[in-house]
Visitor: 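Quick one: the structure is below, and I'll ask about it shortly.
For reference, positions follow the sequence shown, starting with 1. This structure is a prediction, so every number in the text was calculated from the model and none was measured.
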Amino acid sequence: MITKEYFEKEVAYIIENAIREDVGDGDHSSLACIPENARGRAKLLVKDKGVIAGVNFARRVFDYVDKKLRVEVKIEDGTPVSYGDVVLYVEGPSQSILKAERTLLNAMQRMSAIATKTHSFVELLKGTNTKILDTRKTTPGIRVLEKWAVQIGGGKNHRFALYDMIMLKDNHIDFAGGITKAINMTKNYLAETGKDLQIMVEARDLVEVEEILQSDGIYRILLDNFDYEDTRKAVELIGDKCLTESSGNINETTIRHYAECGVDYISCGALTHSVHNMDLSLKAVK
């Protein structure tokens, strides 16, 4: 995952851009009928069940929109919630509450869905040594929020983007002219540029696993679309030479079986690309 400093910058960019997109030159619905000095109170209401995520993001949104807004959190990130729960209260200028509403709801609904799905996968892996990972299959522009939600749900983050890990996948290998050539060229590139990046290599079958193992300095081997039998064989072949990761259409039905093959990690794009948003709303408190 990216550094804390970079993380904070990414979150700030998202908030700034989201408010720009939603508010433009003004929230004219509120400006038209709510006095500038009017104060109000609202609650964030859960109308669903799952794991809440994005509470700390909501704090940042309120603070960005108006530092006079005061937030009282009742339920923190990562907590199971159900219909009727109140996550937080916000109090202050009414216009500001409404200006922040849609940005924080859109983000929290999606983050909570991702945290909920991640948590369900973590539960399925209990009793094994396997960790669940996300992927780069995220919504453009809000990747940091979606990966944040995976952490809140109990999962681990894979590389954040193209720049923080070397990941030699099938297309890299084919374009480079083979596994060994791709690995050697990568090592030369890292030496020439002075970059300190881990090297991960994808294998499509056991023959490729054996070829990857001929090279030193590999951090992790990705076993892509292996069946259970070949996954077990690959884990045995690899031993403690490097870490192992399974991927490829792994779901709630199959994930436990792959974990029992002994892999260190399972990556699942569905954590971020196939979720149903949690139903949340911000309601005025009279």
Side-chain angles (χ1 to χ4, degrees), residues 7 11 14-15 18-19 21-23 27 29-30 34 39-66 68-126 132 134 138-139 141-157 252 268 270-286:
F7 168 84
V11 173
I14 289 170
I15 294 172
I19 296 298
E21 177 184 58
D22 197 41
V23 178
D27 172 12
S29 302
S30 297
I34 299 175
R39 294 180 60 84
R41 192 166 188 250
K43 62 183 178 181
L44 182 62
L45 181 66
V46 178
K47 298 157 67 177
D48 210 334
K49 63 179 180 179
V51 174
I52 199 71
V55 176
N56 284 317
F57 177 75
R59 283 185 170 111
R60 287 168 165 84
V61 173
F62 285 128
D63 186 66
Y64 176 85
V65 168
D66 192 336
K68 293 189 290 293
L69 292 172
R70 294 291 173 259
V71 181
E72 180 188 359
V73 173
K74 295 296 186 181
I75 302 175
E76 294 286 357
D77 280 328
T79 306
V81 293
S82 57
Y83 193 98
D85 286 342
V86 175
V87 177
L88 61 80
Y89 290 92
V90 59
E91 186 169 355
S94 300
Q95 289 185 2
S96 298
I97 292 173
L98 294 172
K99 188 184 292 186
E101 177 183 10
R102 184 45 52 194
T103 292
L104 72 92
L105 284 177
N106 285 353
M108 288 191 67
Q109 287 178 152
R110 183 153 188 83
M111 290 179 72
S112 297
I114 292 168
T116 299
K117 191 173 188 73
T118 302
H119 177 73
S120 70
F121 276 41
V122 169
E123 288 294 303
L124 290 171
L125 292 176
K126 273 191 173 178
I132 188 72
D134 52 27
T138 55
T139 307
I142 62 167
R143 178 174 294 171
V144 73
L145 299 188
E146 296 186 341
K147 283 183 169 281
W148 188 4
V150 168
Q151 290 183 341
I152 291 170
K156 303 292 184 183
N157 291 139
E252 290 91 340
C268 184
L271 296 182
T272 52
H273 72 55
S274 298
V275 293
H276 180 73
N277 284 2
M278 182 183 285
D279 192 2
L280 303 170
S281 64
L282 194 67
K283 294 294 185 184
V285 177
K286 296 181 180 179

Visitor: Rounded to the nearest 0.5 Å, how far does CG of L271 lie from OG of S120?
Guide: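 Output value for this atom pair is 8.0 Å.
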
Visitor: Crowded around H273 NE2? As in, over 12 foreign heavy atoms under 6.0 Å?
Guide: yes

Visitor: Taking C-beta and beyond as the side chain, do V61 and Y64 meet within less than 4.5 Å on heavy atoms?
Guide: no

Visitor: Evaluate V11 against R60 for side chain to side chain contact (heavy atoms under 4.5 Å, CB included), listing each step before the verdict.
Guide: CA-CA 9 Å; V11 173; R60 287 168 165 84; 3.6 Å; yes

Visitor: From D27 CG over to E101 CD, what is the distance, rounded to the nearest 0.5 angstrom?
Guide: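 Answer rounded to 0.5 Å: 9.5 Å.
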
Visitor: Measure the spacing between CD of Q109 and CG of L104 and express it to the nearest 0.5 Å.
Guide: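 Reported to 0.5 Å precision, the distance equals 9.5 Å.
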
Visitor: For a quick test of reading the model, state the closest non-hydrogen atom pair linking G84 to L45 and the distance between them.
Guide: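 Closest approach of G84 to L45: O-CD1, 3.7 Å.
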
Visitor: Taking side chain as C-beta onward, heavy atoms only, is I75 less than 4.5 Å from V55?
Guide: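 Sidechains of V55 and I75: no contact.
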
Visitor: Taking all atoms of both residues into account, what is the closest heavy-atom pair of I132 and C268, and its distance?
Guide: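 I132 and C268 have their closest heavy atoms at CD1-CB, 4.1 Å.
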
Visitor: Among L69, V23, D22, which residue meets the side-chain contact (heavy atoms from CB on, under 4.5 Å) test with K99?
Guide: V23

Visitor: What pair of heavy atoms forms the shortest contact from A100 to V65, and how long is it?
Guide: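 Smallest heavy-atom distance, with atoms named: CB-CG2, 3.9 Å.
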
Visitor: Indicate yes or no: at least one non-hydrogen side-chain atom of N106 is less than 4.5 angstrom from one of N277.
Guide: no

Visitor: Measuring from atom NZ of K117 to atom CE of M278, what distance do you get when rounded to the nearest 0.5 angstrom?
Guide: 13.5 Å

Visitor: Ignoring hydrogens and geometry, is there a side-chain-to-backbone donor-acceptor pair from S30 to Q95 under 3.5 Å?
Guide: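 A pair under 3.5 Å: no.
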
Visitor: Would you call E123-K126 a salt bridge at under 4.0 Å N-O?
Guide: yes

Visitor: Which heavy atom of I97 sits nearest a heavy atom of A42, and at what distance?
Guide: CG2-CB, 4.1 Å

Visitor: With sequence neighbours left out, which residue pairs that include part of residues 74-90 fulfil the side chain to side chain donor-acceptor pair (under 3.5 Å) condition?
Guide: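 As it turns out, the side chain to side chain donor-acceptor pair (under 3.5 Å) pairs with a partner in residues 74-90, which skip direct neighbours, are N56-D77, R59-E76, E72-K74.
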
Visitor: So, for A107 and L145, which heavy atoms are closest and what is the spacing to 0.1 Å?
Guide: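 Shortest heavy-atom contact: CB-CD1, 4.0 Å.
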
Visitor: Between atom CZ of F57 and atom CD1 of I142, what is the distance when rounded to the nearest 0.5 Å?
Guide: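 Reported to 0.5 Å precision, the distance equals 8.5 Å.
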
Visitor: Looking at side-chain heavy atoms only, is the closest gap between T139 and R110 below 4.5 Å?
Guide: yes

Visitor: Given side chains that start at C-beta, do those of V46 and L280 come closer than 4.5 Å, heavy atoms only?
Guide: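 Yes. Closest side-chain heavy atoms under 4.5 Å.
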
Visitor: Using side chain to side chain contact (heavy atoms under 4.5 Å, CB included), reason through T118 and Q151 one step at a time and then give a plain yes or no.
Guide: CA-CA 8 Å; T118 302; Q151 290 183 341; over 6 Å; no

Visitor: Would you say that R102 contacts L282 through its side chain, given a criterion of any heavy-atom pair below 4.5 Å between the two side chains?
Guide: no

Visitor: Please round to the nearest 0.5 Å and tell me the distance separating atom CH2 of W148 and atom CG of N157.
Guide: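 Spacing of CH2 (W148) from CG (N157) equals 12.0 Å.
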
Visitor: Between H276 and A113, which heavy-atom pair has the shortest distance, and what is it?
Guide: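 Answer, listing the atom of H276 first, then A113: O-CB, 3.3 Å.
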
Visitor: So, do L98 and I34 sit near enough that their side-chain heavy atoms are less than 4.5 Å apart?
Guide: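 L98 vs I34: side chains touch.
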
